[in-house]
Amino acid sequence: DEGFGWTRYNTLDEINAWLRNLSVQYSSVVTLIQGGSTHEGRIIYGVKVSYSPNNANNSVFLESNIHARECTNAVIRRIAESYDWYVFPVFNPDGFEYSHTTDRMWRKTRYPHSILCTGADPNRNWDYFWNHGGTSNSPCTEIYRGPVPFSEPSTRSMAEFISSVGDQLVAYISFHSFSQLLLIPYGYTDEHLDNYEQIYQIGLKAAEALAQRYGTEYRVGTVYETIYPASGSSADWVKGVFNTPIVYTYELRDQGQYGFILPPEQIIPTALETLDSFITIFLEYENSISNK
Ligand code: 0X9
Ligand code: ZN
């Protein structure tokens with residue numbers, strides 16, 4: 001066992017061990033968090049990174065791998081000491097483990113909703129305009145929304161955790177793959193947010209910064225304008241319930257050549273270009289509030 005690495009896809013145990021090591025090695029800054037739990041009894045681990053007790057109301061939340069097969073393994077850097085960071089690399093650990101051991105293309109949770117088909121789509125299961133389009137009530141589909149909102153222990157427990165810091169968040173970012181998109185809420189309606197234009201312009205600048213490194217092209221917009229309607233996502237829930245100023249969903253590389261099985265050589269380039277866009281988002285956001 002080589003332990004955690006940035007040039008390959010890590011297992012759940014390796015990622016959790018890495019989070020734990022960070023919290024031991026940088027104990028004055030990094031705290032290990034048990035955010036929630038899953039149907040199969042796993043704990044959903046994250047870290048809180050905080051350089052100053054003054055940052056509490058300037059917090060940023062990052063989630064990835066709510067869809068099991070979308071191993072992103074990317075992105076996280078200490079770009080700023082001026083925010084508190086909540087980072088949850090594996091939002092769906094049951095699915096993630098299953099994707100590594102049994103079926104690489106697994107997407108959903110592992111909750112046995114029907115005899116024939118396992119799991120619900122954890123990004124259709126959140127309780128904000130749940131069942132408002134772009135979902136299915138058939139347990140055998142990839143977009144099964146679950147029998148009721150928050151039927152999945154993982155989404156329900158993470159919603160509880162997010163609620164405990166929800167009012168302190170200035171940003172919430174959800175990482176997915178693939179398609180090279182920077183998505184803006186909402187996914188349940190084609191009506192634009194009040195400040196859509198501002199968020200869109202920030203998004204365009206972020207996409208421009210991202211493209212500058214390797215030429216990777218992103219499109220910016222809502223799911224209605226780019227892919228397909230989708231209600232019950234974590235991003236919609238956070239935006240709708242807490243009105244968090246900055247909410248984006250990334251669909252990382254690529255555009256379908258490799259799709260979910262992106263070659264590991266692309267992990268670091270993906271992380272670096274994403275970080276470029278990320279820094280732009282925060283700088284532009286800081287500009288926009290200081291000019292108000
Ligand atoms: O379908 C999804 O859940 C996401 N695409 S994926 O191919 N990774 O499955 C897009 C969800 C975006 N929804 C919102 N941001 N509302
Ligand atoms: Zn996804």
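Atom set for the values below is all heavy atoms of this structure, side chains included, hydrogens, waters and symmetry mates excluded.
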Problem - Other ILVMFWY residues reachable from Leu181 by side-chain steps of under 4.5 Å - result: Leu183, Val223, Tyr224, Ile227, Tyr228
Problem - Electrostatic pair Glu273-Arg253, nearest N-O below 4.0 angstrom - result: yes
Handout entry: Distance-only side-chain donor-acceptor flag, His192 / Glu225, under 3.5 Å
Key = yes
Practice task
Tell me whether the centres of the aromatic rings in Phe242 and Tyr172 are closer together than 6.0 Å.
Solution key: no
Practice task
Name the orientation class of the two ring planes belonging to His176 and His67 (parallel below 30°, tilted from 30 to 60°, perpendicular beyond 60°).
Solution key: perpendicular
Practice task
Please check if atom OH in Tyr258 has more than 12 non-hydrogen atoms from other residues, nucleotides or ligands closer than 6.0 Å.
Solution key: no
Exercise for the section: Hey, could you give me the CG/CD1 distance between Leu169 and Ile246, rounded to the nearest 0.5 Å? Expected result: 12.0 Å
Problem - Value rounded to 0.5 Å, distance of CG in Asn65 from CG in Asn92 - result: 8.0 Å
Exercise for the section: Answer with yes or no whether the side chains of Asn125 and Ser151 bring together a donor and an acceptor at under 3.5 Å. Expected result: yes
Fill in the blank from the handout: Minimal heavy-atom distance between Thr280 and Ala209, with the atoms involved, is OG1-CB, 3.1 Å
Problem - Audit row: Trp237, Phe61, ring-ring contact (aromatic ring centres under 6.0 Å, His included) steps and yes/no - result: CA-CA 13 Å; Trp237 183 81; Phe61 199 106; 9.8 Å; no
Handout entry: Plane angle bin for Tyr196 and Tyr200 - parallel if under 30°, tilted between 30 and 60°, otherwise perpendicular
Key = parallel
Completion exercise
Residue set satisfying ring-ring contact (aromatic ring centres under 6.0 Å, His included) with Tyr218, at least two apart, ordered chain then number -> none
Exercise for the section: Measure the acute angle between the ring planes of Phe129 and Tyr188, then classify it against the limits of 30° and 60° as parallel, tilted or perpendicular. Expected result: parallel
Exercise for the section: Check whether more than 12 heavy atoms from other residues, nucleotides or ligands sit under 6.0 Å from atom OH of Tyr128, and answer yes or no. Expected result: yes
